[in-house]
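Values below: all heavy atoms of this structure, side chains included; hydrogens, waters and symmetry mates excluded.
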Amino acid sequence: MKRKLIAAVGVAGMLVGIAACGSEDNKGGSAGAESVKELTVWLTVDAQNNWPELVKAADDAVAKKHPGIKIKHEYYGWPDKNAKLDAVLATDKAPDVVEMGNTEMLGYTVKGAFAEIDPAKFDNSEAWLDGLKSSVTYEGKTYGVPYYAGGRVANWRKDVAKEAGVTAVPKTYAELTGALDKIQAKKGGKFSAWYQPSRDWYAAMSFVYDAGGSIAKEEGGAFKANLSSPESLKGLGDYKKVLDTYMKGDKTKDESDRYIVYGQGNAGMIFGAAWEGASTEDPKVDKTGKLKGNLENFVMPGPSGKNMPVFLGGSDLAVPVKSKAQATAAEWINAFTGSQGQKGLIGKGNLPNNKTDLASLKSDPATAVPATAAESSWFVPMAPGWGQVEKAQVLQTMLQSIATGKKSVADAAKEADAAIDKVINTK
């Protein structure tokens with residue numbers, strides 16, 4: 001999936017007080033006969049460019065139930081969407097359906113932007129992927145419907161592995177580090193057997209969750225930072241060992257240009273979004289001229305002995321609380337994200353929103369790796385102040401301090417916990 005989800009960093013003050021009721025009940029159902037002449041659906045350009053026929057199929061399903069209804073679509077690029085949404089939510093002209101990146105949901109939900117929905121009314125809701133289900137759940141209630149997902153996988157150069165005498169994809173963490181040790185010894189110098197930007201908190205927190213730790217825990221209705229727990233410190237220690245042993249690049253880097261750096265030929269492996277390997281093979285990115293067909297995805301094993309839990313990126317669909325057509329909006333969402341819609345999305349190379357469909361992909365070599373990797377996932381704490389934690393880059397600062405040796409793992413985690421606790425429960 002060649003796009004990045006923009007992290008939720010809070011919602012403009014104009015959203016305060018938007019929790020005016022629509023014309024239906026607040027769970028995507030009808031409070032009596034609903035007469036809707038028009039439905040407005042906001043999606044990103046991904047749908048417009050890559051699966052317009054799926055949009056039309058959802059339109060047709062709703063039009064069949066509501067003869068004469070006019071369904072309007074507006075499409076936005078990811079950098080532009082939220083500014084438009086912030087502005088329109090302050091008026092009485094809110095869309096009826098809006099696509100959100102899963103990390104964007106929380107800030108809007110906390111401010112009361114979206115209507116509560118009843119998950120029982122949506123296909124496969126009992127099997128929604130954990131990372132997507134978490135993104136639409138706040139204080140025990142559901143405020144959106146998972147749309148599709150994109151996971152994270154390991155990717156390495158087969159030629160580099162073979163040169164070091166490694167012929168098999170690693171299935172365990174011991175096999176992985178054994179292979180990387182051979183690659184690092186063979187290549188030496190400034191070559192990174194594993195190019196892992198230190199500030200990549202998605203990767204780092206996978207180690208934390210693999211060790212049984214977490215960013216924060218909910219206790220008695222409030223969240224408490226948890227990076228200093230023994231489990232979290234174990235995960236951070238495992239991450240630091242990777243950086244110390246295999247990462248020979250700049251220890252202050254983030255992951256934004258990882259696939260580009262990978263294409264320069266000075267790294268043997270990365271752990272990132274599933275699209276990054278394919279992007280590196282692009283002739284415009286591949287500076288070696290030999291990466292096409294030479295890169296291989298595999299499921300990232302964790303030190304715990306299990307597959308590494310990964311952060312799932314993805315999209316959700318929500319119904320603004322100001323929508324005057326909430327029940328019909330819910331019908332459109334179910335038509336679009338339901339069983340038939342998921343088949344179409346899978347056919348376009350996406351991961352489905354549920355474990356049932358995900359399991360079916362494991363038998364196909366083309367989809368087995370990302371599907372298997374997505375089975376174990378984690379998500380950010382659904383706390384009211386999480387957007388402030390992200391905006392302050394608390395985790396990135398901690399990880400850079402650990403990577404550069406500025407602070408010990410324990411001291412950096414303690415400092416991060418203190419910073420998180422200051423804001424995580426603040427709306």
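Residues Lys217 and Lys224 have side chains not in contact (no heavy-atom distance under 4.5 Å, counting atoms from C-beta outward). The closest side-chain heavy-atom distance from Met247 to Tyr195 is below 4.5 Å. Looking at heavy atoms from C-beta onward, Trp128 lies in side-chain contact with Thr142 at the 4.5 angstrom threshold. Using a 4.5 Å heavy-atom cutoff, the side chains of Leu227 and Leu395 are in contact. At a threshold of 4.5 Å between non-hydrogen side-chain atoms, the residues Tyr138 and Met105 do not count as touching. Tyr259 places none of its side-chain heavy atoms less than 4.5 Å from the side chain of Asn155. Residues Val310 and Phe271 form a side-chain contact, since some pair of their non-hydrogen atoms from C-beta on lies under 4.5 Å apart. The side-chain heavy atoms of Gln196 and Leu243, taken from C-beta on, include a pair separated by under 4.5 Å.
Put simply, CD on Glu139 and CD on Glu218 are 8.0 Å apart, with the number rounded to the nearest 0.5 Å. Put simply, NZ on Lys37 and NZ on Lys70 are 12.5 Å apart, with the number rounded to the nearest 0.5 Å. In this structure, the separation between OG on Ser323 and CG on Leu39 is 7.0 Å, given to the nearest 0.5 Å. One distance of note links CG of Asp130 with CG of Leu312; it measures 8.5 Å at 0.5 Å rounding. Going from atom CE of Met300 over to atom CZ of Arg152 covers 13.0 Å, rounded to the nearest 0.5 Å. Going from atom NZ of Lys65 over to atom OG1 of Thr328 covers 8.5 Å, rounded to the nearest 0.5 Å.
Taking 4.0 Å as the cut-off between side-chain N and carboxylate O, Lys84 and Glu74 do not count as a salt-bridged pair. No salt bridge links Lys306 with Glu375; every basic N to acidic carboxylate O contact stays at or beyond 4.0 Å. Taking 4.0 Å as the cut-off between side-chain N and carboxylate O, Asp60 and Lys64 do not count as a salt-bridged pair. Here Asp159 pairs with Arg157 in a salt bridge; the nearest charged N to carboxylate O distance falls below 4.0 Å. Asp357 and Lys343 are not joined by a salt bridge, as no carboxylate oxygen comes within less than 4.0 angstrom of a charged side-chain nitrogen.
In terms of heavy-atom proximity, Leu54 sits nearest to Gly341 at CD1-O, 4.2 Å. The two atoms that bring Ala225 and Asp421 nearest to each other are N-OD1, 2.8 Å, heavy atoms only. The nearest pair of heavy atoms linking Tyr239 to Ser198 is OH-O, 3.0 Å. The two residues Lys427 and Pro384 make their nearest non-hydrogen contact at CG-CB, 3.5 Å. Closest approach of Leu351 and Gly151 over heavy atoms only: CD1-N, 3.7 Å. Scanning all heavy atoms of the two residues, the minimum distance from Thr288 to Gly265 falls at CG2-CA, 3.5 Å.
Without hydrogens or angle criteria, Ser229 side chain to Gly213 main chain gives no donor-acceptor distance under 3.5 Å. A donor-acceptor pair is defined here as one N or O able to donate and one able to accept, closer than 3.5 Å; such a pair exists between the side chain of Gln184 and the backbone of Ala193. Although no hydrogens or angles enter the test, the distance criterion places a donor-acceptor pair under 3.5 Å between the side chain of Gln342 and the main chain of Thr337. Looking at Gln388, its side chain never comes within 3.5 Å of a backbone N or O of Gly385 through a donor-acceptor pair. The main-chain N or O of Ala113 is never found under 3.5 Å from a side-chain atom of Tyr143 such that the two would form a donor-acceptor pair. Judged purely by atom type and a 3.5 angstrom limit, Glu104 has no side-chain atom pairing as donor or acceptor with the backbone of Met100. Between the side chain of Lys322 and the main chain of Thr91, a donor-acceptor pair closer than 3.5 Å is present. Side-chain N or O atoms of Glu281 include one that pairs as donor or acceptor with a backbone N or O of Gly293 at under 3.5 Å. Side chain of Ser206 to main chain of Tyr202: a donor-acceptor pair is present (N/O by atom type, distance under 3.5 Å, no hydrogens or angles). A donor-acceptor distance shorter than 3.5 angstrom exists from the side chain of Asp286 to the backbone of Leu291, with no hydrogens or angles considered.
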Item to complete: Tell me, with the steps shown, if Asp59 and Trp332 meet side chain to side chain donor-acceptor pair (under 3.5 Å).
Response: CA-CA 7 Å; Asp59 290 351; Trp332 190 93; 2.7 Å; yes
Practice prompt. Apply side-chain contact (heavy atoms from CB on, under 4.5 Å) to the pair Trp378 and Val208, showing each step before the final yes or no.
Written response: CA-CA 10 Å; Trp378 61 273; Val208 167; over 6 Å; no
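Side chains of Asp46 and Tyr75: a donor-acceptor N/O pair is absent below 3.5 angstrom, by distance only. With 3.5 Å as the limit, one finds no donor-acceptor pair spanning the side chains of Asn124 and Thr356. In this model, no donor atom of one side chain and acceptor atom of the other lie less than 3.5 Å apart for Asn307 and Ser376.
Ring orientation note: the planes of Tyr173 and Phe207 are nearly perpendicular, at an angle over 60° on the 30°/60° scale.
The one candidate from Phe122, Tyr148, Tyr147, Trp51 that meets the ring-ring contact (aromatic ring centres under 6.0 Å, His included) condition with Phe336 is Tyr147.
Under a cut-off of 6.0 angstrom, the local environment of NZ in Lys158 is crowded, with over 12 non-hydrogen atoms contributed by other residues, nucleotides or ligands.
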